[in-house]
Number of protein chains: 2
Amino acid sequence: MDVRERILEAAAALYSTVGFRGTTTRRIAADAGVNEVTLFRHFGSKEALIREVISRGWSRFCFEALPEQPGDPATEIAEWALRYYGLHAECAAFIRTRLGEFQEHPEILPTTEPPPPARIAALLAAYLERLQQEGRMRPDIRPARAAAMLIGALFADAITRVGVVQMYGTSPDEDVRQYVQIFLRGIGVTS
Amino acid sequence: MDVRERILEAAAALYSTVGFRGTTTRRIAADAGVNEVTLFRHFGSKEALIREVISRGWSRFCFEALPEQPGDPATEIAEWALRYYGLHAECAAFIRTRLGEFQEHPEILPTTEPPPPARIAALLAAYLERLQQEGRMRPDIRPARAAAMLIGALFADAITRVGVVQMYGTSPDEDVRQYVQIFLRGIGVTS
DNA sequence: CCTGTCAGCAAGCACCCACTTGCATCCCCT
DNA sequence: AGGGGATGCAAGTGGGTGCTTGCTGACAGG
């Protein structure tokens, strides 16, 4: 593999577990099997390196929208939620450290505005809005709020599951499906 | 105020924003208006100090149970949820850093087992179970799962709101009430 | 065959870190 | 009035940090 790639990968793994301060240039170099100097020759500084690591981390969260024309909400939302959950569970360590450091290093931000989480929520909210316009969802519920709720539940589960196992069931898959089920009944969508 | 208390308070504030590595003994001493040596004389080491800070942080999350005998679930759960939300929003910074570091410093753990989050979820789950036994909640839903969902939604909102404002409404209070409303309808509780 | 690029290696720089020591100072308690 | 415990101050220790410099060899392209 390319040297530059090896460095980025090692740095990403380190960052996810020990954060910015814990990710020392010496450890990155050692983990990547590369001389420490090489790292500076490629990226200039540690901060620039980590900035690229984080930017790459964020870029994984590009998410496809839900169907433009809602068909069967139960399966469409369930599948979307499972994808959302899987992606976030996979990157849970990265998200946790990023969440803990975003106020300390606000200068390292995704170039996109609004940030990925808000954009993903907006996708679901737009879908719900269409559902509502077609009269298939209770009119007294704000789509954005409902979306925030379901996404919040998925997000919290994906991110805390490894740490607080006792709170959850044994099968993330079944849990997610139940969340969606409760959610759909809650917003008055009958399938 | 007591010197020891001033140190603990400064350390807690620092830890919440910059984490373990960022919380240097020099900064703690400066913020507390105390000589750096005093800090070591009181706590022995930085690790011991932070351990106490974290232990105190956790101890705030002792939470009263819901009513033993469910009356009106809508108001009882809503008020409980609002308290849960308020407490977590207040300690959001602490929780975020803790969440990002718990796998790096697992030795610093709350002395209670299971950890506070799981215990709080258990309180809600127990309440739902009673509701279910009385036939006031759908029987095909696992109380623990439902509890995890609502708490997850509240948790994610409380913790990410300051960072991803665009995702949420302007009033946390109304958002929480709507979450509860959707939740209750979703699990088949009619008020 | 020469030249330019890339990487390794050894050494070092200035700085910050947690933590220690020795001594002066204060102030409360008896 | 005196003694003891808590605090401040100055200085320093060893180690880790980001980053730099100068030199080496490998290797590909003209």
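The structure presented is a predicted model; accordingly, all values stated were derived computationally and were not measured. We name chains A, B, ... by the order of the sequence lines, and we start the count at 1 in each one.
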Asker: Enumerate the salt bridge (charged side-chain N to carboxylate O under 4.0 Å, His left out) contacts for residues 168-179 of chain B, please, sequence neighbours excluded, ordered by first and then second residue.
Answerer: A:R145-B:E174, A:R145-B:D175, B:R161-B:D175, B:D173-B:R177
Asker: Hey, what are the protein-to-nucleotides 24-27 of chain D N/O distances that come in under 3.5 Å?
Answerer:
none

Asker: Does B:T75 have any side chain to side chain contact (heavy atoms under 4.5 Å, CB included) partners at least two apart in sequence or in another chain, and if so, which?
Answerer: B:D72
Asker: Can you tell me how far apart CD (B:Q132) and CG (B:D140) are? Round to the nearest 0.5 Å.
Answerer: 8.5 Å
Asker: Quick one: list whatever passes side chain to side chain contact (heavy atoms under 4.5 Å, CB included) with A:E90, sequence neighbours left out.
Answerer: A:R60
Asker: In whole Å, I'd like the distance from the CD1 atom of A:I7 to the C1' atom of C:dC6.
Answerer: 12 Å
Asker: In whole Å, what is the span from the NZ atom of A:K46 to the C1' atom of D:dT17?
Answerer: 8 Å
Asker: Listing time: all N or O pairs from protein to nucleotides 27-29 of chain C that are below 3.5 Å?
Answerer:
none

Asker: Of the nucleotides D:dT7, D:dG18, C:dC19, which has the atom closest to the B:S45 side chain?
Answerer: C:dC19
Asker: More 5' along DNA chain D: A:G22 or B:R4, using each one's nearest nucleotide?
Answerer: B:R4
Asker: Let me know the distance between CZ of B:F43 and P of D:dA6, rounded to the nearest Å.
Answerer: 14 Å
Asker: Whether the side chain of B:K46 engages the backbone of B:F20 through a donor-acceptor N/O pair (distance < 3.5 Å, no angle test) should be reported.
Answerer: yes
Asker: B:R96: which residues meet the salt bridge (charged side-chain N to carboxylate O under 4.0 Å, His left out) condition with it, sequence neighbours left out?
Answerer: none
Asker: Using atom types as modelled, flag every donor-acceptor pair under 3.5 Å from a side chain in residues 178-186 of chain B to any protein atom, sequence neighbours excluded.
Answerer:
| unit_1 | atom_1 | unit_2 | atom_2 | d |
| --- | --- | --- | --- | --- |
| B:Q178 | OE1 | A:R142 | N | 3.2 |
| B:Y179 | OH | B:D157 | OD2 | 2.8 |
| B:R185 | NH1 | A:G186 | O | 2.7 |

Asker: Whole angstrom is fine here: how far is it from CD in B:E5 over to C1' in D:dA6?
Answerer: 17 Å
Asker: Can you name the residues that form a side chain to side chain contact (heavy atoms under 4.5 Å, CB included) with A:Y127, not counting sequence neighbours?
Answerer: A:L66, A:P67, A:P70, A:P73, A:E76, A:I77, A:R130, A:L131
Asker: Under the ring pair (Phe, Tyr, Trp, His ring centres under 6.0 Å) definition, can you give me all pairs with a residue in residues 23-56 of chain A, not counting sequence neighbours?
Answerer: none
Asker: Identify, with sequence neighbours excluded, every residue that meets side chain to side chain contact (heavy atoms under 4.5 Å, CB included) alongside A:T23.
Answerer: A:L14, A:Y15, A:V18, A:I28, A:I50
Asker: So which of residues 23-42 of chain A are in contact with DNA chain D, with a heavy-atom cut-off of under 4.0 Å?
Answerer: A:T23, A:T24, A:T25, A:R26, A:E36, A:V37, A:F40
Asker: Per the salt bridge (charged side-chain N to carboxylate O under 4.0 Å, His left out) rule, what does the pair list look like for residues 9-18 of chain B, sequence neighbours excluded?
Answerer: none
